[in-house]
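Only one structure is covered here, and it is reproduced in the block below.
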Protein chains: 2
Amino acid sequence: MVKMMNYSRQREVILNTLKEYVVHPTAESLYEKVREKDSKISLATLYRNLNQLVENGIIKKIDGFYDSAHFDHNTHEHYHFMCRNCKRVFDIPSNVAPDLIHKTEETTGFLIENHDIIFSGICKDCRNDMSN
Amino acid sequence: MVKMMNYSRQREVILNTLKEYVVHPTAESLYEKVREKDSKISLATLYRNLNQLVENGIIKKIDGFYDSAHFDHNTHEHYHFMCRNCKRVFDIPSNVAPDLIHKTEETTGFLIENHDIIFSGICKDCRNDMSN
DNA sequence: ATTTAAAATGAGAATTGTTATCACTTATGG
DNA sequence: CCATAAGTGATAACAATTCTCATTTTAAAT
């Protein structure tokens with residue numbers, strides 16, 4: 001029994017705005033963009049809808065970066081990298097860690113339900129800029 | 001030029017207490033244990049010292065679990081799992097993802113400085129308990 | 001040993017990201 | 001079109017963490 005979500009204009013704006021991102025914003029920076037399209041949407045509505053979209057598997061929440069959560073419209077298996085310099089959060093393809101779940105379950109006897117790999121360092125753009 | 005840390009009794013108590021853990025506590029639960037040994041240590045002192053120990057590479061901070069940070073006295077490369085049921089945070093050996101840094105740097109052109117894998121699910125003990 | 005400057009402390013206020021409350025509005029199915 | 005469940009905006013509340021500041025402790029140099 002999947003709990004029904006009613007339509008809401010605000011949720012649509014929020015999801016569409018998130019989909020415009022290639023990198024993955026915090027609630028705060030997403031809120032700025034959302035407000036450009038609908039200046040009445042409240043911050044509580046943003047958080048409520050982000051949580052709801054996460055619970056329904058439509059988007060993913062990325063925890064693990066030092067400050068606040070980031071949100072990702074890509075729900076395929078992949079991992080994340082934050083640049084220490086520009087603070088952008090990029091996708092990392094999942095083939096960098098083949099067979100990770102299976103190996104971990106074998107090794108530990110734990111049941112793995114969720115996982116993410118969180119990398120940080122310097123992205124390609126910033127490396128190039130630094131060497132100039 | 002490594003910044004010198006002066007000795008402090010409080011820091012010693014905090015580090016020693018952290019070392020008693022097999023699983024990895026939050027600041028809050030570590031604080032309870034620390035207060036049993038020295039009931040005068042302030043919460044600010046705990047946080048200040050944990051951050052300082054992290055900056056000096058003596059302990060590691062584990063972000064990425066839904067609520068608060070956990071702290072780990074084991075600085076060897078390894079990963080982390082939180083049980084959804086008992087909320088304990090366990091170590092996962094790093095050989096579940098061989099050559100992860102190298103492959104990721106190759107694939108992306110990014111410079112990787114830090115990384116962690118965050119798993120969640122049900123630990124072995126809780127699986128056993130559940131099947132009773 | 002005494003002095004001195006930097007480092008650390010305790011207590012509590014402040015800050016930040018996020019969630020809860022509540023009166024009101026909108027969506028949906030009969 | 002009515003009833004009811006779901007969603008909203010505004011703002012208060014919250015929890016984790018950091019900051020402030022007057023006082024104390026450490027280290028190292030006299």
Side-chain angles (χ1 to χ4, degrees), chain A residues 1-18 24-56 58-72 82 87 89 118, chain B residues 1-18 24-56 58-72 82 87 89 118:
Chain A
M1 61 168 72
V2 177
K3 166 94 77 44
M4 189 59 185
M5 271 201 290
N6 282 349
Y7 172 82
S8 99
R9 186 180 42 76
Q10 289 87 337
R11 184 181 304 124
E12 190 173 43
V13 172
I14 289 166
L15 182 55
N16 286 339
T17 307
L18 182 58
H24 309 315
T26 59
E28 192 189 358
S29 70
L30 179 61
Y31 190 53
E32 288 176 31
K33 280 231 171 196
V34 163
R35 293 278 287 215
E36 289 171 14
K37 298 183 183 173
D38 179 340
S39 63
K40 287 291 177 52
I41 290 182
S42 125
L43 186 58
T45 299
L46 180 81
Y47 275 105
R48 256 189 314 249
N49 278 294
L50 287 172
N51 287 338
Q52 207 160 177
L53 291 164
V54 169
E55 277 157 27
N56 286 270
I58 297 162
I59 67 173
K60 280 177 72 175
K61 184 176 185 176
I62 313 166
D63 289 309
F65 295 117
Y66 56 90
D67 47 354
S68 38
H70 291 246
F71 295 88
D72 187 348
M82 179 187 272
K87 307 286 192 259
V89 174
I118 300 297
Chain B
M1 62 167 68
V2 176
K3 165 96 76 47
M4 188 60 185
M5 270 200 291
N6 282 348
Y7 171 82
S8 98
R9 185 179 41 76
Q10 288 88 338
R11 185 180 305 124
E12 189 173 44
V13 172
I14 290 167
L15 182 56
N16 286 340
T17 307
L18 182 58
H24 309 315
T26 58
E28 191 189 358
S29 71
L30 179 60
Y31 190 53
E32 288 176 30
K33 279 230 170 193
V34 162
R35 293 279 286 217
E36 289 171 15
K37 298 183 183 172
D38 178 341
S39 64
K40 287 292 176 51
I41 290 182
S42 127
L43 187 56
T45 299
L46 180 82
Y47 275 105
R48 256 189 315 249
N49 278 294
L50 287 172
N51 287 338
Q52 209 159 175
L53 290 164
V54 168
E55 277 157 28
N56 286 271
I58 296 162
I59 67 173
K60 281 176 73 175
K61 185 175 183 176
I62 312 167
D63 289 309
F65 295 117
Y66 56 90
D67 46 354
S68 38
H70 292 247
F71 295 88
D72 186 348
M82 179 188 270
K87 306 288 191 254
V89 174
I118 300 297

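In the text below, chain A, chain B and the rest are named by the order of the sequence lines, each starting its count at 1.
Interatomic distance, CZ of A:R11 versus CG of A:L46, reported as 12.0 Å (0.5 Å rounding). Put simply, OH on A:Y31 and CG on A:L50 are 12.0 Å apart, with the number rounded to the nearest 0.5 Å. Here the CG atom belonging to A:L30 is positioned 10.0 Å from the CG atom belonging to A:L15, to the nearest 0.5 angstrom.
In this structure, A:N56 places its CG atom 12 Å from P of D:dA6, rounding to the nearest Å. Atom C1' of nucleotide D:dA15 and atom OH of B:Y31 are separated by 16 Å, given to the nearest angstrom. Rounded to whole angstrom, the span from the CG atom of B:N6 across to the P atom of C:dA8 amounts to 5 Å. If you take CD of A:E55 and C1' of D:dG7, they are 14 Å apart, rounded to a whole angstrom.
Closest of all the heavy-atom pairs between B:Q52 and B:N56 is O-ND2, 2.7 Å.
Rounded to 10 degrees, the angle separating the terminal axes of the helix from C:dA1-D:dT30 to C:dG30-D:dC1 is 30°, with each axis obtained from five end pairs.
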### Message
Pair A:I118, A:I62 - check side-chain contact (heavy atoms from CB on, under 4.5 Å), show working.
### Response
CA-CA 9 Å; A:I118 300 297; A:I62 313 166; 3.9 Å; yes

### Task
May I have the step-by-step check of side-chain contact (heavy atoms from CB on, under 4.5 Å) for A:H24 and A:F71, ending in yes or no?
CA-CA 6 Å; A:H24 309 315; A:F71 295 88; over 6 Å; no

### Summary
Expected string for nucleotides 9-20 of chain C under the B/S/- scheme (protein heavy atoms, under 4.0 Å, primed atoms plus P, OP1, OP2 as sugar-phosphate) is BBBB----SBBB

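In summary, B:D38 and B:R9 engage in a salt bridge, as defined by a charged side-chain N under 4.0 Å from a carboxylate O.
Remark: A:F65 pairs with A:H70 by the ring-ring contact (aromatic ring centres under 6.0 Å, His included) rule, at least two apart or across chains.
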